[in-house]
Colleague: 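I'd like to ask some things about the structure below.
These numbers come from a predicted model, not from an experiment. First the proteins, then the strands, lettered A, B, ... as listed; each starts at 1.
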Amino acid sequence: MSQKKESFLSKYVFSTDHKTIGKQYLFFGMFFLLWGGLQAMILRWQIAYPETTIPIVGHLMFPDTNGALTPDTYNQVLTMHGTVMLFWAVTPLLSGAFANFIIPLQIGAADMAFPFVNMLSFWIFFLSGVILLLSHYGPGGSAASGWTAYPPLSTPVGGIPGWGQALWALSLVLMGTAVIMGALNYITTIIRLRAKGMNYLRMPLTVWGLFLSSILNAIFVPIIAAGLIFLLLDNVLGTQFFVAGPKATIAGGDPLLYQHVFWLFGHPEVYILILPVWGIVSDLLSTFSRKPAFGYHVTVICMCIVTTLSGLVWGHHMYVAGMSPLLGKSFMFLTLLISLPTSIFFLNWLGTMWRGSLRFETPMLFAMSVVFVFGLGGLTGLYMGTITSDMYLHDSMFLVGHFHYTLAASVLMSSFAATYYWFPKMFGRKMNPLLGKIHFWVTFLALNYVFFTMLTVGYAGQHRRLFDPSAYDFIKPLMGLNRNISTFAFILGGVQILFLFNFFYSMFKGEKAGRNPWEAATLEWTVDYPVPHGNFSTPPVVKCGPHEYSNPKVKGKDWASQTEEIPA
Amino acid sequence: MEQVLQEDKAFNSIPTGKLGIWIFLIIDGLSFAAILIAAAYLRMNGAPWPHPGQVLNVPLTAFNTFVLLASSYTMMLALEHVRTGQQKKFIGALGWTLFLGALFLGVQSYEYYNFIAGTEEVRAHLAAAGLAGNYFRPGTSIYAGCFFGATGFHGLHVLSGLIFIMYVLAGALKGKFNQANHLRVETLTLFWHFIDLMWMLVFTVVYLL
Amino acid sequence: MNTRKYLHVALWLFVLTLAELFVFPRLDMGGIRTNLLLLLMTTKALIVALVYMNLRKEGWALKAAFFAPIPVAIYFIYFMLYDAAYVWKS
Amino acid sequence: MSIWGLPFPQDISTNGHLIDALIQYIDLVLVIFFGIVVAALVFFIIRYRSRPGHSAVYDKGNKIGNVIFAICMGLLVFCSIDAVIEHMSFRDLKDVFWNFPQGKNVLKIEVMPQQFAWNVRYAGPDGEFATADDIVAPLSQMHVPEGVPVVVQLSSFDVVHSFYVPQIRIKQDVIPGMVTTTWFQLTKTGKFEIACSALCGNGHYKMRGMLTSESKEEFDKWLAEQATPASSGDDIWGDTSSGSSVPKNWGWKWQAKS
Ligand code: HEA
Ligand code: HEA
Ligand code: CUA
Ligand SMILES: [Cu+2]
């Protein structure tokens with residue numbers, strides 16, 4: 001590596017070092033997580049205390065209406081919460097921050113295959129985020145047709161004025177471009193830049209998860225990009241690809257086409273988010289149980305099967321959109337088929353902990369909680385996957401509960417786990433364990449109350465995206481529970497401030513961590529902080545699998561790094 | 001750090017740059033596929049769809065197709081010449097490719113102009129096809145939307161291809177590429193052929209079918 | 001000599017395009033016309049991919065990655081059209 | 001009560017119990033399997049916590065026995081959950097939900113939601129829709145007789161809506177440009193809410209309709225009191241693009257198909 005003197009700009013802003021880019025993504029994602037979280041709080045406030053002034057932020061954000069929400073601002077906040085959380089919070093965290101930071105380190109590469117593209121990818125992502133934020137201030141406010149943006153509501157025919165929807169589509173297309181560039185980089189890097197000895201079946205499961213999720217990104221993001229370009233044309237050039245019915249002025253458009261295209265992407269998208277989670281959790285469980293990941297090969301195969309199946313089941317979001325019987329049945333079959341590989345590797349998670357020696361460090365607590373919440377979230381997927389029960393539960397709060405258990409619980413908890421786990425490698429210090437544990441317990445309990453009760457009210461019939469649920473008589477008895485959800489949601493939101501405090505406090509004042517604070521076996525723990533541009537001073541040669549814990553042949557310690565030879 | 005790499009049989013140890021562009025092309029191809037499939041779907045779904053020859057200028061575009069095919073050939077020559085170290089011929093072939101690509105884009109813009117401005121000829125065609133209106137713009141019909149969507153997306157690719165050629169040409173004039181070192185040229189070749197390939201799909205689906 | 005080969009390929013592509021243009025006005029051929037055009041299109045595309053882009057010399061995994069999306073696309077369009085045929089358009 | 005803490009809403013249809021039964025079956029297997037998961041977690045936390053004198057067993061779990069066990073568990077999940085619910089669902093769809101009743105005593109209704117109300121239309125004496133003697137109910141009012149199968153065809157005027165009556169356990173999306181169909185038969189009389197469950201704009205949250213279930217006599221009496229649209233000739237809602245409200249003349253020829 002050339003030791004050119006680097007200016008501030010090229011070192012911290014337009015850096016091509018994957019670790020710096022990873023950190024940039026981390027802060028970017030955290031900012032949007034906060035933003036999305038704040039929006040969740042606003043939504044919950046409105047649901048609990050309809051049309052009253054929102055404390056603290058109300059007057060700042062909604063000055064025209066005395067700090068209260070109105071139906072149109074509610075829809076805007078709702079749309080932005082979904083969009084921001086999925087595409088600007090969780091995506092940059094998982095396929096941005098952790099993918100960038102971890103992949104080259106764990107496979108023993110000096111950097112990404114295309115460092116420049118990597119840098120470009122971040123800044124395009126950044127630009128898209130800025131456009132999205134600015135859309136709040138454009139005429140008519142931000143988009144307001146849900147994160148799914150079903151036309152014709154999301155076209156000029158839908159009656160929502162302003163630029164919001166067009167900017168929404170534009171920023172998503174840009175975000176898609178950035179994600180594609182990232183995926184391209186990760187795939188090439190993993191295929192071509194693995195260190196000697198690191199064959200595919202010695203890669204840590206995190207890398208597997210990120211690899212598969214990048215493949216899904218590469219296949220399905222271009223498709224939604226095409227769909228969104230059409231939606232954009234509908235909004236700005238007056239085409240009507242997705243408009244039909246009496247309001248259409250051009251014959252031949254079809255709203256269902258959009259739904260097909262959206263879900264063809266939308267379903268893989270949720271697996272794009274969960275696959276890295278599965279990998280991270282598998283690795284963490286193994287590390288902190290001091291035991292090899294149970295059934296590594298089977299887990300890999302199951303993840304591959306899920307990846308394949310995920311592209312074939314999009315129709316389960318459209319069961320009640322007038323689907324033909326044959327199609328409905330095939331989608332139902334394929335959807336339920338996914339639970340087979342999922343439950344097999346779920347069992348492997350339990351197998352990893354079985355007869356282990358469990359160390360309850362903060363990352364482990366979060367990882368174990370993912371086992372809990374993903375079990376519940378995945379099993380509630382079965383209610384949605386069956387057509388007849390979906391007739392009742394479609395677009396209900398039960399569905400909202402399902403996907404918050406899988407997304408907001410599983411994905412978020414594992415992002416926390418990953419942050420606590422890799423923090424020492426990123427900043428050279430450990431995060432405070434006591435604050436971490438308090439953060440964990442409050443988050444875990446509040447989160448379960450919030451999302452479980454969403455399932456409850458959904459079961460009792462409440463449907464989603466309601467500005468004021470008490471407009472319906474059959475929801476009035478549920479308003480008490482809705483208020484409780486909100487209370488716990490505020491606790492949940494509040495305790496994240498503790499996390500933020502811990503994060504920034506530990507960055508400067510935390511306990512200094514050594515090279516390998518968790519006694520983990522994968523390659524990133526063989527280099528000292530700060531990891532230089534170029535990562536490894538001598539090219540690593542991999543001699544064993546990623547989870548050599550408690551191997552009786554290794555004497556003196558209960559782990560062996562991947563660069564160590566296991567004695568015969 | 002000089003990396004010691006794990007060998008990879010499945011991909012023939014392809015250079016990263018080439019693998020990268022291939023993956024990019026596959027991704028890009030999926031976007032094209034999505035647009036074309038959407039157009040096919042809308043058409044079979046009953047959107048009014050005149051027989052292409054009635055509105056679009058097929059002879060002109062056929063000429064354009066030949067132009068693009070020829071440019072693919074000159075691009076291939078450029079790669080061959082740089083491989084055998086014939087700098088002059090290499091630069092010449094690259095120049096030809098640039099010219100042909102620009103010609104293609106020019107003709108395409110001419111056609112766009114006619115449609116959007118609604119010249120006499122276009123009006124006559126529209127009337128003959130039984131379509132209302134004096135011009136042919138994206139918002140005129142689903143058919144027009146699909147036409148502009150598909151060809152516009154392709155046109156953007158040609159434009160970026162031209163920029164890429166100019167970039168490589170500038171390097172070539174400085175003598176950056178030689179027998180041993182021409183991965184950039186190879187990537188460019190792949191990208192340009194891909195544009196040609198996609199045009200074959202767009203031409204058939206939009207103009208001929 | 002490689003340049004020779006590429007010239008041949010270019011000529012073939014010209015010929016195939018001419019064939020397409022020849023079939024194009026033959027509306028009387030109906031479904032055959034459509035299929036013929038699609039066939040010619042696929043042939044041309046394959047020639048470009050395999051010869052010009054030199055896919056035939058690449059590793060099997062790349063070939064697989066290139067061709068795998070095609071059945072998926074067919075699956076997709078089949079399902080969508082099946083559904084479209086089912087619903088009643090007003 | 002249910003495992004989720006609240007019961008279903010009251011069931012007023014002949015078919016709702018099928019859906020309830022399916023959901024309750026999933027509830028049951030969820031309790032069992034999730035119970036196993038939680039029990040295992042708790043057991044592991046206590047039994048295998050790291051402590052002096054305890055160490056992990058080196059077990060990669062890739063012995064053939066482990067693999068077979070995992071696959072068996074997967075199959076067990078598949079057979080006890082997926083196969084069963086799939087079977088139940090297929091059966092109910094084939095026998096009931098996709099098996100639209102036909103014949104003389106079936107009541108046919110056409111519904112065209114708009115932002116943010118429900119337009120309801122009955123065929124009138126001639127039994128044909130899109131004719132001059134159609135009967136149009138007051139905005140957002142739907143009356144149906146108890147004990148009579150009702151087939152509803154829906155098509156939207158503007159954006160996607162969704163027809164939802166919690167007490168019947170049915171949701172059916174309503175999409176502009178195409179017609180979707182659903183059916184039910186009520187067992188109780190009373191007034192129930194029709195909800196719109198697909199986001200359709202600012203008024204989505206109060207896009208309420210009223211479903212009145214009454215005896216056949218009362219229903220006939222009510223129907224006779226309703227006005228017919230003053231229409232003549234072609235009644236298909238074709239050329240309404242510029243208008244923002246639904247014209248009096250809407251409706252389509254009944255789709256006999258499904
Ligand atoms: C990361 C996110 C994520 C994940 C992983 C999943 C996983 C699954 N989802 Fe979910 N889903 C969403 C996010 C996710 N979903 C979102 C965001 C939506 C809504 C979008 C919107 O409309 O806004 C949605 C909507 C949604 C629908 C549409 C509902 C509707 O609109 O009406 C359906 C329908 O089939 C569905 C099904 C499933 C299924 C079957 C799984 C399966 O993959 C689950 C498989 C898992 C298991 C089966 C559990 C594991 C097994 C066990 C715990 C048992 C093992 C025990 C032992 C072996 C002892 N989901
Ligand atoms: C990864 C995705 C993700 C995540 C993490 C979340 C997190 C949360 N979501 Fe979200 N949600 C979605 C994805 C997500 N959601 C999607 C896709 C939709 C559908 C949108 C649509 O219908 O189109 C949705 C919809 C949705 C609704 C439905 C609204 C409706 O249908 O009417 C609700 C209602 O309660 C809700 C609540 C919450 C809460 C309380 C959290 C909590 O977990 C949030 C916890 C907070 C943080 C993690 C950040 C920390 C915040 C702070 C530090 C600020 C503190 C400020 C104060 C306390 C004032 N969400
Ligand atoms: Cu109509 Cu929601
Ligand atoms: Cu899904």
Side-chain angles (χ1 to χ4, degrees), chain A residues 71-72 146 150 152-153 158-159 244-247 249 255 289-292 294-295 297-298 320-322 325 336 339-340 343-344 347 350-351 353 355-359 375-376 379 382-383 386-389 391-392 394-395 455-456 459-461 463 465-468 471-474 550-552, chain D residues 2 4-6 9 19 22-23 26 30 34 37 40 44 48-50 54-58 60-62 66-67 70 73-74 77-78 81-82 85-86 89 92-93 98 115 156-160 164 166 169-173 175-177 180 193 195 197-202 205-206 237 240-241:
Chain A
D72 56 328
Y150 277 8
L153 183 61
K247 284 247 179 165
T249 48
S289 302
R290 315 310 296 163
K291 221 176 139 251
F294 198 82
H297 291 75
V298 176
V320 298
L336 292 179
S339 61
L340 182 66
S343 43
I344 290 178
L347 197 69
L350 295 179
M353 283 184 277
R355 297 195 293 173
S357 171
L358 276 56
R359 295 183 182 168
L376 203 48
L379 286 167
L382 299 172
Y383 293 78
T386 329
I387 300 182
T388 42
S389 50
M391 279 163 139
Y392 176 54
H394 171 73
D395 270 1
L455 294 170
T456 308
Y459 202 80
H463 49 297
R465 293 169 169 172
L466 296 177
F467 167 66
D468 177 3
Y472 286 98
D473 288 335
F474 70 92
S550 303
N551 190 336
Chain D
S2 71
W4 305 106
L6 283 180
I19 291 175
L22 175 66
I23 293 181
I26 310 180
L30 183 138
F34 195 59
V37 172
F44 293 165
Y48 300 123
R49 68 185 190 281
S50 154
H54 170 80
S55 64
V57 177
Y58 181 74
K60 287 190 166 170
N62 55 4
N66 299 125
V67 175
M73 279 308 281
V77 172
F78 191 75
I81 309 180
D82 301 352
I85 59 182
E86 213 164 301
S89 189
D92 297 345
L93 287 170
W98 284 342
Q115 282 170 332
S156 171
F157 175 68
D158 36 38
V159 303
V160 178
Y164 171 44
R169 314 279 190 269
I170 271 188
K171 280 196 188 79
Q172 178 61 56
D173 283 4
I175 295 165
T180 50
E193 279 166 308
S197 73
L199 182 61
C200 52
N202 294 343
Y205 76 100
K206 54 176 183 192
W237 40 272
T240 53
S241 41

Colleague: Chain A heavy atoms under 4.5 Å from D/V160: which part of the residue, side chain, backbone, both or neither?
Modeller: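 Its backbone and side chain both get close to chain A.
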
Colleague: Between A/R355, A/R359, A/M353, who has the most heavy-atom pairs with chain D when the cutoff is under 4.5 Å?
Modeller: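 Ranked by heavy-atom pairs under 4.5 Å with chain D, first place is A/R355.
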
Colleague: Between D/N62, D/V37, D/D92, which has the largest tally of heavy atom pairs under 4.5 Å with chain A?
Modeller: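 Most pairs with chain A among the choices: D/V37.
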
Colleague: Quick check on the interface: out of D/A40, D/P166, D/S55, who has the most heavy-atom pairs with chain A under 4.5 Å?
Modeller: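 It is D/P166.
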
Colleague: I'd like to check D/I170 versus A/V320 (side-chain heavy atoms, cut-off strictly below 4.5 Å). Are they in contact?
Modeller: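 Not in contact.
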
Colleague: Contact part of A/L347 toward chain D, heavy-atom cut-off under 4.5 Å: side chain, backbone, both or neither?
Modeller: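 It is the side chain, since no backbone atom gets that close.
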
Colleague: Please identify, among A/G356, A/G461, A/G351, the residue contributing the most non-hydrogen atom pairs under 4.5 Å to chain D.
Modeller: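 Result: the option with the highest number of such pairs is A/G356.
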
Colleague: What option among D/R49, D/K206, D/E86 has the most heavy-atom pairs under 4.5 Å with chain A?
Modeller: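 Option with the greatest count: D/E86.
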
Colleague: Answer with side chain, backbone, both or neither: which region of D/I26 has an atom nearer than 4.5 Å to a non-hydrogen atom of chain A?
Modeller: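 Both backbone and side chain.
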
Colleague: Test of understanding: with ring pair (Phe, Tyr, Trp, His ring centres under 6.0 Å), list the residues that count as partners of D/F78, not counting sequence neighbours.
Modeller: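 Not a single residue meets the ring pair (Phe, Tyr, Trp, His ring centres under 6.0 Å) criterion with D/F78.
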
Colleague: Quick check against the 3.5 Å criterion: does D/S156 have a side-chain atom that pairs as donor or acceptor with the backbone of D/D158?
Modeller: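 Confirmed, D/S156 side chain pairs with D/D158 backbone.
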
Colleague: Looking only at heavy atoms and a cut-off of under 4.5 Å, which of A/Y150, A/Y392, A/F294 has the most pairs with chain D?
Modeller: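 Maximum pair count with chain D is reached by A/Y392.
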
Colleague: With respect to chain A, which residue among D/V77, D/D173, D/V67, D/I85 yields the maximal number of heavy-atom pairs within a distance under 4.5 Å?
Modeller: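 Of D/V77, D/D173, D/V67, D/I85, D/D173 has the most heavy-atom pairs under 4.5 Å with chain A.
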
Colleague: Identify which part of A/S343 has an atom lying under 4.5 Å from any heavy atom of chain D, answering side chain, backbone, both or neither.
Modeller: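 The answer is the side chain of A/S343.
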
Colleague: Is it the case that the side chain of D/E193 and the backbone of A/Y472 share a donor-acceptor pair, with hydrogens and angles ignored and the cut-off at 3.5 Å?
Modeller: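 No, because the side chain of D/E193 does not come within donor-acceptor range (under 3.5 Å) of the backbone of A/Y472.
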
Colleague: Please list, chain by chain and in numerical order, all residues satisfying side-chain hydrogen bond (donor to acceptor under 3.5 Å, both in side chains) with D/Y164, sequence neighbours excluded.
Modeller: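 For D/Y164 there are no side-chain hydrogen bond (donor to acceptor under 3.5 Å, both in side chains) partners, ignoring immediate neighbours.
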
Colleague: Return the option, out of A/P325, A/A471, A/S357, with the maximum number of heavy-atom pairs under 4.5 Å with chain D.
Modeller: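 Greatest number of close heavy-atom pairs with chain D: A/S357.
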
Colleague: Which answer fits D/Q172, side chain, backbone, both or neither, if we ask what part of it has an atom under 4.5 Å from a heavy atom of chain A?
Modeller: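 For D/Q172, the contact with chain A is made by backbone and side chain together.
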
Colleague: With a 4.5 angstrom heavy-atom cut-off, is it the side chain or the backbone of D/L199 that approaches chain A, or both, or neither?
Modeller: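 For D/L199, backbone and side chain are both near chain A.
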
Colleague: Can you tell which part of D/S89 gets under 4.5 Å to a heavy atom of chain A, answering side chain, backbone, both or neither?
Modeller: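 Both backbone and side chain.
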
Colleague: Pair D/W98, A/I387 - check side chain to side chain contact (heavy atoms under 4.5 Å, CB included), show working.
Modeller: CA-CA 11 Å; D/W98 284 342; A/I387 300 182; 3.8 Å; yes

Colleague: Is it the backbone or the side chain of D/I175 that comes under 4.5 Å from a heavy atom of chain A, or both, or neither?
Modeller: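 The side chain, not the backbone.
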
Colleague: Measure from the side-chain N and O atoms of D/Q115 to the backbone N and O of D/V159, and report whether any donor-acceptor pair falls under 3.5 Å.
Modeller: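 No; zero donor-acceptor contacts below 3.5 Å.
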
Colleague: Decide whether A/D395 and D/S197 meet the rule of one side-chain donor and one side-chain acceptor closer than 3.5 Å.
Modeller: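 Looking only at side-chain atoms, D/S197 and A/D395 do not form any donor-acceptor pair under 3.5 Å.
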
Colleague: Quick one, D/S50 and A/L358 - any side-chain contact, counting heavy atoms below 4.5 Å?
Modeller: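 In short, these two side chains do not touch, never coming nearer than 4.5 Å.
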
Colleague: Quick one: sort the A/Y459 and D/W4 rings into parallel, tilted or perpendicular, breaks at 30° and 60°.
Modeller: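 The rings of A/Y459 and D/W4 sit tilted, inter-plane angle from 30° to 60°.
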
